[in-house]
**Student:** 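Pasting a structure here, questions to come.
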Amino acid sequence: MERISQRYGPFFEPTDWLETKYKRERPNNAPRPLVLNTGTIADAAGSGYVELGKTKVIVAVYGPRPPIRARAGVENAMSGRITCEVVKSSFCYYSCESAKIPSRGFSEEERLLSIRLIRVFEPIVILDKYPKNSIDLFVVLLEDDGSAMAAMTLATSLALADASIELLSLVSSATVAVSTKHEYLVDPDRIESENAVGLITVSLPLHAAQLCEIQHNGKLSVEDWLSTVQLAVEVAQTIGNSISQFLLQESKNKETYPLSS
Amino acid sequence: MDKQKTQDASVFVRSFEQQEATLAPSVAKSSQFVAPGDDILSQENVVRGHGTMVQGTRLTSTVAGLVERVNKLVAVLPIRARYSAEVGDVVVGRIRDVVSRRWKVDVNSRQDAVLLLSAVNLPGGVQRRRTYEDELKMREFYDQDDLISAEVQELKQDGLIMLHTRSLKYGKLENGIFISVTAQLVKRSKKHFHHLPCGIDIILGNNGYVWIYIDETTAYAEDEEERTFPEKKKSAKSNIDQTLSAIRIRNSIYILDLYFLSIQPETIMLIYEQTIQKEIPVQHMLRPDIMNDIYRRVMNTKEM
Amino acid sequence: MFAVSKAERSYLLETVETGTRLDGRSLYEYRPISLQVGVLPSASGSSRLRLGETEVLVGVKVEVGETAESSTENVHIYFTVECSGSASADFLGREAENWSSELQKALESAYSAASVFDDERLKLVPGKFCWVFKVDILVLDTGGNMLDAIGMATRTALSTTLIPRVNIQQSEGTFELEIDDNPSACDNLKVEGAPIFLTFSLIGSHFVLDPSVQEETCSRGRLSVAVDANGDICYVCSFGLLDAVELARLLTIMKKTGKVLLDRLDECVRNGNSS
Amino acid sequence: MPREELISPDGLRTDGRRPLEVRKITCRMGILPRADGSCHLEMGNTIVLATVYGPRELSLRPSSSGIIRCEYSMATFASTDRRRRGKKSDRNSVEIASSIKKTFESVLLTDLFPNSRVDIFIQVLQADGGERSAAINAVSIAMVNAGIPMKDLIVSCSAGYMENTTVMDLNNIETIVREPQLTIAIYAHSEKVAMAHLESKASFEIFENLMAVAKNGCMQVFDVLHSSIEKYSLRLVASRDSISTMGSRA
C-alpha cells in the first residue's frame, strides 16, 4: 500500500529530446518492478491492482450476477458472458494528448481495449459454469507508461482469481519491443514503445503451451517475429510464476487471519 | 501447380452479366409479361388472383412476372419473392425463438411461422397431454437456431403460418449442410424428401431452404450387422467420400440458384454428373469461370 | 446475426476434421475473388472487391494538406470503414462501431508499419505540406473475413490512385503549390510495399484460411496477419487459445499464400488497366 | 459557375444534352444475393445502390398493415468534396429517407403483409445531381426485384428552370444554381403524383411548366426502367423454364 502513495513526475520533455538522451536504466531482458495487490476494492467480488514500473492498473470484478442490460434474442443463455469497461484516468494522458480526452462516453481506444480484454478472458473463464450470468470487469488505467495491455491483463487475472471465478488457468502477459537498433526490450516503457520498430504483446495461460492473444504492431521479418514472441512468452511465464506465488501467499495469509484474531 | 491449387484471384465482372452472354434469348413468349401497374389483357368476368388488382376499370398487375390463366382465374406470380405458404407445403425452418408453448420459426416468409407445442410429437405416445414439464423442456426438443423440417398445417387470416411436425419424417435436422435458395426455384411437388442416386438425401423445402444430409438409417439398412453398431463401424474413408458428395451436391444447388435454374433432383444430378464427368474437384466448383463453363455445358446438352 | 444450429456446427467441425470445408474448399484456400478497379470516376482511386459473399467498395481521395513542423512524412493516410445500411443490419447497437474501429485500427497499424510511401516523387515541402490520402471503405455485404477483403481492396484502390504533379514555387520563405489539373500529368502511386491481411479462424483444432460467416460463427479464435510482398509481418492480431507451436507453421503458409495473392491482385489490376 | 455557360447558344447543356433529354440510365437488379431485392442504378454519373429486405418479421407489437423503414446514406467518397456526411443522422439524409418512405407507403400494398416490415437501404455511391430521383427509381426497381406487390411502378425525375429554359434531369452543376428546381415521383400508369419537392420559389406558370417537363422526364425514365425489368425478368424465366422442361424429360 505504501507504494501506491508514491508519486511519479510525468514527462513534459519533448519527444525528440528523449529520443537522443533517453537511456534504459535496466538490462534489456529485465521487466520493470512489479507490484501486485488484491482486494483493493472492498465492494467488488474481486479486485486486482498491478504496477508495472509507472504503469498502474486497477481492476474490479463484479459477478457472476444476472446481466444488468440483457441483450435480446441473440444471447446463448447456456453459458455466461463477460462484459468489460476500460477507462483511462483523465490524468493518464500525457501533455500532448491531453486535448484528446473525450467529453463523454468511451473513447475509441478504451472500447478497443475492452474488446481485447474480453477476448483474452473468454476462453479462460469457464463460462459454462455461469449460465445466464454475466461477469463484469471494470478496469481503470491510472497511469500509462507503456505495456498497459499487459498490466491490464495481469490485473484482471488477479481480480478474477480474487473473485474465485473458475478459470482454466491464470493468465500472464508481457510486452516486448524491438528497438531501432534491433535490440529486444522486455517490458518497454512509453518512450521505448513509441520508438520501437516492432511491439508485441502476448497473453497466455500459465499451465498450457497455448497463447490467448497476440498483438503486434510494426514491421518484422517472420524469423524475428517468432523469436520476439518466444522471448515474450518466456517473460510472461516468469511474470506468471510471480503472480501465482503472490496469490498463494495471499491465500495463506487469509487462512491464518481468523486464527490470529 | 501448388499455386494453382491454393490460390485463385481470378477476375470476372458480374456473374449475371456473363450469364447474359451465354444464354440464348430464344424464349417462346407464351404468356404476357407484366410489371407492377401494367394492364393485364383479359376478357370480361375473370376472377382475379394473386398479384393482380383492379384500378378503376383496369385490371393491373402488382408484381413483375408472367400472367397465368387457369380457366377464369388470372394471376401473376412474381419471379422472385419471399416464400408464400400453402397448406401442405413441406418447409425447412430455423427456430428463431422459444416462447410460451410455441416456437417461432424462420421460414423465409413474410413473418415467422409458429410451431405450437401441441403440434409436435412428444416422446412416449403420440396423443399424450402436454404437461407443464413439457413446456419447460421445450428447448430440449428444439432449441434456438435449430433447423427443423415441418409441414404447413394451416394459414391464419392475417397470413400467419402454422406448422406441425406430427410425422416421423419431420423434426430436427442433423448431420448435414444447409443452403438457402430462391423459393420460386423449388416447384411444389408430391415429394420433397429425395434420396439422390449418389447416396445423399436432400429435403427441398418449398420455402427455398434446402437440407442436404446423409441418412444413416437408409445407409445401414442394407447391412443388418452394421446396423446394430452405428457410428463406430463407420469407416473413415466412406465417411469422407460421403461428405465430399454432400458438398458437391451443395455446390451444385448453389450453381443452380446462381443461374436461376429450376431446382429439382434431376437438375441437381445433372450439374453433379457434369462436374464428375469433367473431373472438376469439389473445391473448384464455385470458381466463376468453372461455374460458367458448367452452365454452358449443361445448356448445350439440353439443346441436343 | 448469423444463426448456426448445434447440428450444423458439429457437422462443420467433423468436416473440417477431414480436411475439407462445407463449400468444398481445402483448409488453406481463399474463396474466389472478383475485382473491379476505377469504379468511382470522382475518386482519385477506387476498387470494388468481392470475396465470396463479402463485398467492399473503396474510394481514395488525394489532397495536399499541411503538416506539423516536426513531421518528416510525405504522406498522411486516414482510413474510415463504414457499413452500408444493408450490411449494418447484421449488427446490434455498438457492435458495428467497435467492429469498424477495429478494422480501421488494423489498417492504420499495418500501413504505418509497412512504410508504403517511401517514394521520392511524393515529396512536397517537408515539415510544411504533405499528401493526405483519405481511404474510405464502404462495406456493401458482410460475408465473413472482412479484414482480408478490405485489405486487398484498399491495396488495389491505392495502386490505381493517380497523384497529380505539383509545382512548388518558393518565394521569401513561403511556398506556392500549383497542382496540375491535367489528368494525363498524373503519376501512378507505387504500392509495392502495401500489405494485405490474411486471416485464419480456429475451428475445432484446425485453422482455416479465409473463414466464411458460418465458419466465423463457429470459430474459437482468430489469427490475422498483415504481410507485405517481402513476406515481412506488419501487423498481427490473434485471440482465442491457439497452440504456440502452430504459429511457425501458420506463418509459413501465410507468407507463401500472401505472395501468391499479391501477385494475382497485381496481375489482375494490370490486366484491368490494359483492357 | 457563370450562368451563361449552363446552356450553350446551340441549346445544349454542359454535358451535351438537349434540355428535354434525360441522362443515360443503366440498372442492374439482384446484385446482392443476400438481400430480397437490390438494384444498382446509374443516372449519368449519379450512382445509387438500393437494397430491400422483406417483408419480414416485425419484432414489435402487431400492426394491421406492413411497416416500411427507410435509411438513406451517402458514401463519404460520393461527392467531389469529401465531407464526413452521409451518416444516417444527417439532417438531409433523414429528410430524404422519410420522403422516400412516405412515397412507397402509398404505393406498396401493405395490407397484404400485416405484422411484417420492409426495410429499404439506399446508398449513394456517387452524387452528381438528382440523387433523390435516382434513389426513388432504384428503390422502385429493388421492390420489383424483391417481388413486393405494388399498385404501380413509381418513377421519378427532376426538372429545373434556368436561363429562360426548362430542362429535365439536372446534373450537379445545374443543381448548384439558385433557380427553381422540382423533383417529382409519379405513378407510371395513372400518372398520379406521389411526391413533389420544390426548391427555390417559382411562379405559377413556371411551376406548371416544370411539372410538365418533369412528368415527361418520368415517362422517359419509365421506358428505360420498364424495359430493363422486362429484360431481366424474361431472362430469369427463360433460365428457369429451360432446364425444368429438360428435367421432366430426363
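Each chain gets a letter, A, B and so on, in the order its sequence line appears, and its residues count up from 1.
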**Student:** Quick check for you: among C:Ser224, C:Ala106, C:Ser109, which has the greatest number of heavy-atom pairs under 4.5 Å with chain A?
**Tutor:** C:Ser109
**Student:** Taking salt bridge (Lys or Arg N to Asp or Glu O under 4.0 Å) as the cut-off, I'd like each qualifying pair that reaches into residues 200-212 of chain C, sequence neighbours left out, listed once.
**Tutor:**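 Of all non-adjacent pairs touching residues 200-212 of chain C, those that pass salt bridge (Lys or Arg N to Asp or Glu O under 4.0 Å) are C:Arg25-C:Asp210, C:Arg31-C:Asp210.
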**Student:** Hey, could you give me the CG/CG distance between C:Leu202 and C:Leu223, rounded to the nearest 0.5 Å?
**Tutor:**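 Output value for this atom pair is 9.5 Å.
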**Student:** Go through the atoms of C:Arg220 and report whether side chain, backbone, both or neither lie under 4.5 Å from a heavy atom of chain A.
**Tutor:**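 Contact with chain A involves no heavy atom of C:Arg220 at all.
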**Student:** Using distance alone, with no hydrogens and no angle criterion, decide if A:Thr55 and A:Asp145 have a side-chain donor and acceptor under 3.5 Å apart.
**Tutor:**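 No, no side-chain donor-acceptor contact under 3.5 Å.
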**Student:** Under 4.0 Å between a side-chain nitrogen and a carboxylate oxygen: does that hold for A:Asp136 and A:Arg65?
**Tutor:**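 Judged by the 4.0 Å cut-off on N to carboxylate O distance, A:Asp136 and A:Arg65 do form a salt bridge.
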**Student:** Could you list the residues that satisfy ring pair (Phe, Tyr, Trp, His ring centres under 6.0 Å) with C:Tyr111, not counting sequence neighbours?
**Tutor:**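 Once residues adjacent in sequence are excluded, the partners of C:Tyr111 under the ring pair (Phe, Tyr, Trp, His ring centres under 6.0 Å) criterion are C:Phe79.
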**Student:** Please report the interatomic distance CD1(A:Ile126) to CG(A:Leu168), rounded to the nearest 0.5 Å.
**Tutor:** 4.5 Å
**Student:** Does any backbone or side-chain atom of A:Ile124 lie under 4.5 Å from a heavy atom of chain C? Answer side chain, backbone, both or neither.
**Tutor:** side chain
**Student:** Heavy-atom distance under 4.5 Å between the side chains of C:Ile233 and C:Met254, does that happen here?
**Tutor:** no
**Student:** Checking heavy atoms, do the side chain of C:Gln104, its backbone, both or neither come under 4.5 Å from chain A?
**Tutor:**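 Contact with chain A is through the side chain of C:Gln104 alone.
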**Student:** Between the main-chain N or O of C:Arg222 and the side-chain N or O of C:Ser201, is there a donor-acceptor pair closer than 3.5 Å?
**Tutor:**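 Pair absent, no side-chain N/O of C:Ser201 close to backbone of C:Arg222.
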**Student:** Below 4.5 Å, heavy-atom pairs only: which of A:Glu108, A:Gln210, A:Glu122 has the largest tally toward chain C?
**Tutor:** A:Gln210
**Student:** Considering only heavy atoms, give the residues of residues 212-227 of chain A separated from chain C by less than 4.5 Å, sorted numerically, with 'none' for an empty result.
**Tutor:**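 So far as heavy atoms go, A:Cys212, A:Glu213, A:Ile214, A:Gln215, A:His216, A:Asn217, A:Gly218, A:Lys219, A:Leu220, A:Ser221, A:Val222, A:Glu223, A:Trp225, A:Leu226 are the residues that approach chain C to under 4.5 Å.
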**Student:** Most heavy-atom pairs under 4.5 angstrom with chain A, which of C:Leu251, C:Thr252, C:Asp232?
**Tutor:**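 Option with the greatest count: C:Asp232.
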**Student:** For the atom pair NE2 (C:His76) and NZ (C:Lys134), what is the distance rounded to the nearest 0.5 Å?
**Tutor:**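 Taking NE2 in C:His76 and NZ in C:Lys134, the distance rounds to 12.0 Å.
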**Student:** Which residues in residues 169-187 of chain A have any heavy atom closer than 4.5 Å to a heavy atom of chain C?
**Tutor:** none
**Student:** If I measure from the heavy atoms of chain C, does A:Leu211 come under 4.5 Å with its side chain, its backbone, both, or neither?
**Tutor:**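 For A:Leu211, backbone and side chain are both near chain C.
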**Student:** State whether the number of non-hydrogen atoms from other residues, nucleotides or ligands found under 6.0 Å of A:Gln237 atom CD is greater than 12.
**Tutor:**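 Yes, the 6.0 Å shell around CD holds more than 12 heavy atoms from other groups.
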**Student:** Using 4.0 Å as the upper bound for N to carboxylate O, is an ion pair formed by C:Glu246 and C:Arg249?
**Tutor:**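 C:Glu246 and C:Arg249: salt-bridged.
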**Student:** Pick one of side chain, backbone, both or neither for A:Val229, based on which atoms fall under 4.5 Å of a heavy atom in chain C.
**Tutor:**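 For A:Val229, side-chain heavy atoms alone lie under 4.5 Å from chain C.
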